[in-house]
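Labels below follow one simple rule: chain letters A, B, ... track the order of the sequence lines, proteins then strands, and each chain is numbered from 1. Worth saying up front: this structure is predicted, and the values here are computed from it rather than measured.
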2 protein chains.
Amino acid sequence: MAKKKIETPATTEEKIKEAARKVFMRKGFSATRTRDIAEEAGINLALLNYYFRSKQRLFEEVMQEKIQKLLGTLVPIMNDAELTLEEKIEGIVSHYIDVLSANPDLPMFVLNELGKNNFSIVKNANLDKVISQSSFVKQLRERRNDLNPVHFIISIFGMIIFPFVARPMMFLTGMTNEKSFILLMNERKALVPVWAKAMLKAK
Amino acid sequence: MAKKKIETPATTEEKIKEAARKVFMRKGFSATRTRDIAEEAGINLALLNYYFRSKQRLFEEVMQEKIQKLLGTLVPIMNDAELTLEEKIEGIVSHYIDVLSANPDLPMFVLNELGKNNFSIVKNANLDKVISQSSFVKQLRERRNDLNPVHFIISIFGMIIFPFVARPMMFLTGMTNEKSFILLMNERKALVPVWAKAMLKAK
DNA sequence: GTCTATAAGGGGATAGAC
DNA sequence: GTCTATCCCCTTATAGAC
């Protein structure tokens with residue numbers, strides 16, 4: 001039975017990066033001190049600069065990974081020629097709820113930092129063209145040529161991602177807690193596709 | 001013909017606060033330097049501490065306002081006894097899209113900072129109880145007793161708020177630009193209620 | 001109330017020993 | 001490769017003149 005991650009290869013470099021992922025994700029770039037990362041990694045501050053030259057460079061490596069994790073898996077599903085529109089929707093919803101449940105802070109982190117600095121990775125990916133030429137959007141246009149696909153896409157992703165962005169607020173207000181949040185997100189795997197299909201038919 | 005804001009009463013205190021709103025909203029608490037605020041306000045750094053004691057206190061005043069702006073107008077609409085469920089949905093959508101269009105950074109700012117620190121204003125508001133006892137939720141339960149209202153509420157707000165949270169990313173990817181974003185949001189005032197109604201009927 | 005000057009400390013980065 | 005000690009700039013906050 002194969003495991004996804006070996007026990008702890010944990011080179012020093014990887015220990016620092018892992019600590020950086022944790023601290024940056026929780027506090028964001030500005031509020032993070034390199035000293036926090038060093039402590040979390042159980043190493044000395046100097047080593048951080050030895051391996052990564054600067055806070056900025058370390059951050060960019062982490063950020064790149066996280067952008068990839070958030071956006072990189074989208075296009076393959078949208079272009080899977082085997083799947084109907086409904087199946088793609090189910091796939092996207094299910095996949096993203098799984099990914100985000102395992103990384104609840106991911107969307108807040110990426111979307112927030114993306115708003116503060118320009119990351120060329122995103123700009124150069126030409127996501128707009130890739131998406132608008134995707135099989136998903138073609139199927140969507142065939143089904144509803146009166147509907148701007150952007151509206152539909154934003155709405156589906158709003159239903160998927162927004163709960164995670166609003167999660168701290170939901171905890172604070174008592175609308176939910178850690179345990180029931182997980183249950184809610186699991187329920188949404190079935191619910192959101194049902195609603196998406198209803199939206200496709202609505203005039 | 002009455003104007004909403006008088007030209008510029010602009011006491012020094014208000015100039016500082018206005019500058020603080022601007023800078024904090026754009027950069028967040030940690031990345032904001034009091035020097036930035038002082039410069040933006042056209043005053044000296046010392047005056048900031050004279051009027052507000054510390055960066056933290058100034059931030060809390062701004063934050064309180066912003067939380068109020070984002071959450072404070074919700075409950076009145078949800079409890080308006082005159083309105084049907086459908087009318088409430090239309091009212092919420094239309095109201096929030098107007099507010100957020102005038103303050104596009106508001107949701108990212110509030111949700112992000114809320115995740116970093118605990119603001120007692122939010123905790124003490126008992127939003128969960130107020131909402132769950134609202135006329136809106138009662139009507140929702142009557143219509144669909146098989147549906148957890150939280151799912152519906154998250155989804156509607158996802159469709160309303162998520163575009164604003166994802167706005168920087170949408171600009172970066174070229175999915176939209178400042179001008180077409182405004183048009184999109186206006187279209188959504190009609191579209192989201194239509195979809196919400198379809199969701200209410202979907203089984 | 002508003003300014004200039006400065007104290008006090010935080011935080012990123014490096015020198016240099018081991 | 002890893003550590004300790006330190007540099008030095010940046011930032012918040014205050015003292016004190018006007």
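Within the 4.0 angstrom heavy-atom criterion, no nucleotide atom of any strand lies near B/Ser30. Here A/Arg35 lies in heavy-atom contact (under 4.0 Å) with a base.
Atom NZ in B/Lys55 sits about 17 Å away from atom C1' in C/dA8, given to the nearest Å. In this entry the distance linking CG of A/Asp36 with P of C/dG12 reads 8 Å, nearest Å. Atom P of nucleotide D/dG1 and atom CZ of A/Arg53 are separated by 17 Å, given to the nearest angstrom. Spacing between atom CZ of A/Phe52 and atom C1' of D/dG1 amounts to 14 Å, rounded to whole angstrom units. Put simply, CG on A/Leu48 is 8 Å from P on C/dA13, counting in whole angstrom units. Rounded to whole Å, the distance from CZ on A/Arg33 to P on C/dG10 is 9 Å.
A search for ring pair (Phe, Tyr, Trp, His ring centres under 6.0 Å) contacts involving A/Phe152 returns nothing, not counting sequence neighbours. Taking the side chain to side chain contact (heavy atoms under 4.5 Å, CB included) definition, one finds that B/Ala20 meets it with B/Phe24, B/Ile37, B/Leu58, B/Val62, sequence neighbours left out. In this structure B/Tyr51 satisfies the ring pair (Phe, Tyr, Trp, His ring centres under 6.0 Å) test with no other residue, sequence neighbours excluded. Applying the side-chain hydrogen bond (donor to acceptor under 3.5 Å, both in side chains) rule to A/Glu187 yields the partners B/His151; only residues at least two apart in sequence or on another chain are considered. Applying the ring pair (Phe, Tyr, Trp, His ring centres under 6.0 Å) rule to B/Tyr96 yields the partners B/Phe157; only residues at least two apart in sequence or on another chain are considered.
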For nucleotides 2-4 of chain D, give me every protein contact, N/O to N/O, under 3.5 Å, one pair per line with atom names.
unit_1	atom_1	unit_2	atom_2	d
D/dT2	OP1	A/Thr12	OG1	2.8
D/dT2	OP2	A/Thr12	OG1	3.2
D/dT2	OP2	A/Tyr51	OH	2.6
D/dC3	OP2	A/Asn44	N	3.3
D/dT4	OP2	A/Asn44	ND2	3.0

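Counting only distance, with no hydrogens or angles, the side chain of A/Lys189 and the backbone of A/Val93 share no donor-acceptor pair below 3.5 Å.
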